[in-house]
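Atoms considered below: every heavy atom in the structure, side chains included; atoms not considered: hydrogens, waters and symmetry mates. Predicted model, so just to flag it, every value in this text is computed and none were measured.
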Amino acid sequence: MIDLSKDITFLPGVGPKKAELLKQELKIVSYEDLLYYFPYKYVDRSKFYSVRELNANMPYVQVKGRLKSLKTIGKGRQSRMTATFSDGTGVMELVWFKGHKYIKENLDTNAEYIVFGKPSIFNGVINVVHPEMERVDATKQIIRSSLQAFYNTSEKMKRGYLNSRAMLKLMQNLFKSFLNDRIQETLPTPLRERLKLAPLNEALKAAHFPNDIKQLEYAQFRLKFEELFYLQLNILKIKTRRSKTVKGHVFKIVGDNLNKFYKNNIPFELTGAQKRVIREIRHDMGSGKQMNRLLQGDVGSGKTLVALMVMLIANDNNYQACLMAPTEILANQHYETISRMLEGLNIEIDILTGSTKKSKRNELHEKLLNGELNILIGTHALIEDIVQFKNLGLVVIDEQHRFGVAQRAKLWKKNRHPPHMLVMTATPIPRTLAMTIYGDLDVSVIDELPPGRKAIKTVHYFHNKRNNLNRFLHKELNKGRQIYVVYPLIEESEKIDFKNLTEGYEYMQHAFPGYEITMVHGKMKPKEKDEAMHQFVSGKSDILVSTTVIEVGVNVTNASVMVIESAERFGLSQLHQLRGRVGRGAEQSYCILMTDYKMSDETRKRMSIMTATTDGFEIAEADMKLRGPGDLEGTQQSGLPFNLKIASLGRDSQLLQYARNVAEEILNDDPLLEKDENLMLKKQLAKLTAKKMNWSMIS
Ligand code: ADP
Ligand code: MG
């Protein structure tokens with residue numbers, strides 16, 4: 001069996017310089033890394049043309065013939081080398097503007113070559129500039145295929161003579177070194193045969209040196225399946241093991257608090273979706289299993305109320321509950337709304353954030369430990385080790401996408417027996433991604449907005465329509481409504497962005513005299529920020545000019561207009577999130593996207609999607625298509641236990657579902673992969689996940 005962990009420097013053709021480039025640019029350090037560096041495209045090289053057939057309109061072609069004269073024309077930097085090349089049907093010219101030394105030393109006149117390149121015409125003669133050349137007698141010894149693989153290489157690699165072609169050479173050397181040996185298979189044979197998958201050996205060879213499309217697709221199918229399959233096997237196994245080994249607190253009692261709240265305090269009738277979701281959660285929490293549930297619900301769908309009611313269930317069963325939010329503003333808002341809703345009930349609730357004073361903190365710690373405190377709301381501050389509970393039974397994480405996996409894990413450990421976990425998100429994610437990243441969670445969806453909401457009207461304006469915009473804003477303000485104006489602010493262009501923000505603020509003061517205008521941004525001290533925010537939340541201020549600090553969760557029902565400046569700078573999901581700040585009351589709300597007249601195609605598409613739909617899931621799918629799966633995975637892959645080398649969560653969604661089904665089937669039969677026939681799966685899984693942190697205990 002081949003040792004694939006072998007250092008890449010042992011491979012013929014890889015000197016120290018190339019080894020360094022491979023490592024730096026592609027993280028390739030072993031034979032295996034190289035083997036799994038797959039081509040991004042293939043060019044058909046099955047057909048040979050004759051020189052007579054060639055014309056300048058043809059794309060890349062290949063011709064077999066003899067190299068005749070080779071000469072240098074001109075001097076110094078301006079010089080070029082040319083050769084005549086003939087195949088008996090005609091003569092053409094080959095031209096090189098650089099690399100003269102290499103050509104002189106390596107090309108032999110009168111030898112037979114295969115020339116590959118793009119034909120053009122110069123002075124009435126067909127020529128090919130910088131052709132790829134292969135000696136015919138040499139091609140017998142090298143591994144060739146009719147579909148030639150092309151590999152992505154960086155500029156730096158190209159400068160170091162490691163272009164796609166050179167990578168192909170290395171692949172040839174790699175496969176030559178394997179000639180009499182086999183690559184260890186990574187799927188059990190019975191499974192592979194049942195699913196009609198190519199053996200690994202063949203699949204890898206064909207992925208780099210395919211003879212035809214059919215063979216290539218067969219190979220790719222096997223390799224992609226394998227990646228997605230192990231991804232699903234991993235996450236489903238975590239889920240299975242957890243449900244088998246972790247006991248959950250049993251919340252059996254439907255007690256006073258919940259009943260009283262439902263009778264006296266609840267401010268409105270629950271929507272059908274809220275009721276259903278609460279039922280699902282209650283069922284989990286009463287089952288004896290530890291709950292790990294994702295609550296997905298578009299912005300404004302009423303997740304907070306659900307969170308509150310399930311926290312009351314925990315309290316009724318003599319457990320404490322906590323709710324963690326990603327920002328102080330949001331934590332404060334939750335604290336205020338929830339405290340208000342709990343008036344008259346016998347529930348102790350408090351808040352802990354980064355700006356909680358030391359003395360208050362100490363008091364909180366004590367009340368948590370002796371059990372006096374029933375509900376704690378807070379930010380990341382909750383995670384700190386010093387925060388310990390007497391009996392934490394339920395953790396709710398709001399806007400879960402803003403937190404990392406590790407942070408979730410820490411909350412899990414806040415109790416000797418892990419608490420039930422409810423993670424909430426308003427960011428609709430494409431199904432494939434949800435299946436992969438949250439594949440170990442059970443999912444509840446609030447797919448219904450509270451009644452009486454009017455669909456938000458979204459329009460896209462160019463800057464030259466600002467007067468119209470102002471007239472419209474005046475009208476809304478006259479009706480007593482409040483307005484958000486959001487500016488982008490990112491680190492890379494922080495200074496300019498900040499200037500735009502403050503100028504925007506000044507402009508609004510000038511354009512809307514007599515109205516209270518507040519500015520909020522991330523650089524303000526938490527206290528200032530909260531005060532400013534409070535101005536707006538309490539209705540004292542009419543217009544809030546801000547950066548995206550208001551992005552998540554903020555709930556001001558009287559705000560009816562969201563103006564997004566430089567909307568082209570925001571991604572679709574962010575635009576959707578921002579828009580969700582309005583339309584929370586019964587009034588007609590508006591979202592206005594401001595951009596320059598000049599836009600990229602992508603911006604144009606984003607704007608038209610935003611004006612066409614308010615459905616978060618539709619937007620998420622469109623976002624994935626627009627940004628392309630590459631980008632999506634680039635940002636999301638940190639959430640995967642190993643990187644995908646060939647499959648794509650964007651393109652291969654059907655295969656992903658298929659792979660998940662297969663993995664599920666296997667685990668149903670053998671939950672911990674203990675049977676002999678699954679030994680290989682277990683080993684391979686361990687190998688794949690060894691490098692990354694162990695997240696087996698994480699919700
Ligand atoms: P999100 O799901 O985005 O967190 P919130 O929980 O902030 O949404 O709720 C949005 C708004 O809808 C709030 O003003 C809330 O009081 C209101 N709301 C929630 N549930 C209902 C309901 N069943 N009927 C009417 N309004 C509701
Ligand atoms: Mg919310």
Side-chain angles (χ1 to χ4, degrees), residues 4-45 59-60 62 77 81 94-107 114-118 128-135 138-139 142-145 147-178 204-210 216 220 223 227 628-631 633-635 637-638 642-648 691:
L4 285 178
S5 66
K6 215 157 139 183
D7 198 297
I8 195 73
T9 47
F10 289 109
L11 187 71
V14 182
K17 269 195 191 145
K18 291 211 164 115
E20 189 55 33
L21 275 173
L22 286 170
K23 183 177 170 185
Q24 263 183 16
E25 300 293 292
L26 302 176
K27 299 202 176 73
I28 293 176
V29 294
S30 67
Y31 276 36
E32 179 163 13
D33 296 336
L34 184 64
L35 187 59
Y36 281 84
Y37 189 66
F38 292 110
Y40 72 97
K41 70 166 185 184
Y42 302 84
V43 171
D44 189 351
R45 292 193 64 173
Y60 282 71
Q62 61 182 347
R77 284 170 161 263
M81 285 189 80
L94 307 178
V95 186
W96 294 270
F97 295 101
K98 54 186 185 193
H100 298 178
K101 185 160 167 266
Y102 178 87
I103 289 156
K104 260 183 230 154
E105 283 167 9
N106 286 282
L107 293 188
I114 294 167
V115 162
F116 179 69
K118 162 95 185 80
V128 175
V129 178
H130 286 206
E132 274 182 28
M133 308 278 295
E134 236 169 63
R135 266 182 88 125
T139 60
I142 61 172
I143 298 163
R144 258 186 127 257
S145 60
L147 289 177
Q148 182 179 324
F150 278 74
Y151 298 88
N152 271 321
T153 56
S154 67
E155 277 312 309
K156 208 167 164 191
M157 289 172 71
K158 288 188 184 99
R159 268 182 269 127
Y161 303 103
L162 250 182
N163 55 13
S164 168
R165 174 117 190 98
M167 288 296 285
L168 186 64
K169 271 254 156 60
L170 293 186
M171 284 305 171
Q172 285 164 339
N173 293 348
L174 186 68
F175 277 89
K176 256 194 260 175
S177 80
F178 294 166
L204 284 170
K205 170 103 188 275
H208 294 285
F209 302 99
L216 175 63
Q220 286 175 328
L223 295 167
E227 276 189 340
D631 213 357
E633 276 143 42
T635 52
Q637 245 173 28
S638 54
F642 50 86
N643 291 338
L644 297 177
K645 304 231 160 99
I646 189 166
S648 144
K691 285 179 214 145

Side chains of [X] and [Y], heavy atoms from C-beta outward: is any pair under 4.5 Å?
X      : Y      : result
Asn106 : Met133 : no
Lys156 : Leu21  : yes
Leu162 : Thr153 : no
Met81  : Leu107 : no

Margin query: Going by side chain to side chain contact (heavy atoms under 4.5 Å, CB included), name the residues that satisfy it together with Ala149, two or more places apart in sequence or in a different chain.
Written below: Pro39, Tyr42, Tyr151, Leu168

Next item on the list: Using the test side chain to side chain contact (heavy atoms under 4.5 Å, CB included), find all partners of Tyr60 that sit at least two apart in sequence or belong to another chain.
Entry: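 Testing Tyr60 for side chain to side chain contact (heavy atoms under 4.5 Å, CB included), a comparison that skips the adjacent residues, returns Phe116, Lys118.
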
Testing the basics here: between [X] and [Y], what is the closest heavy-atom pair and its distance to 0.1 Å?
X      : Y      : value
Pro210 : Leu216 : CB-CB, 3.8 Å
Gln148 : Phe150 : O-CD1, 3.5 Å
Pro12  : Leu170 : O-CD2, 4.2 Å

Notebook entry, point to check: Any sub-3.5 Å donor-acceptor pair from Gln62's side-chain atoms to Ile114's backbone N or O?
Noted result: no

Item checked: SB check Arg165 Glu134 (cutoff 4.0 Å) ->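 Salt bridge present between Arg165 and Glu134.
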
Margin query: Once you measure the plane-to-plane angle for His208 and Phe38, does it fall in the parallel (<30°), tilted (30-60°) or perpendicular (>60°) bin?
Written below: parallel

Item checked: Residue Lys98 excluded, over 12 heavy atoms near NZ under 6.0 Å ->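 Result for NZ/Lys98: open.
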
Between [atom1] of [X] and [atom2] of [Y], what distance do you get to the nearest 0.5 Å?
X      : Y      : atom1 : atom2 : value
Ile8   : Leu34  : CD1   : CG    : 4.5 Å
Tyr37  : Leu22  : OH    : CG    : 9.5 Å
Glu105 : Lys101 : CD    : NZ    : 5.0 Å
Met157 : Lys18  : CE    : NZ    : 10.0 Å
Lys176 : Met171 : NZ    : CE    : 14.5 Å
Lys23  : Asp7   : NZ    : CG    : 9.0 Å

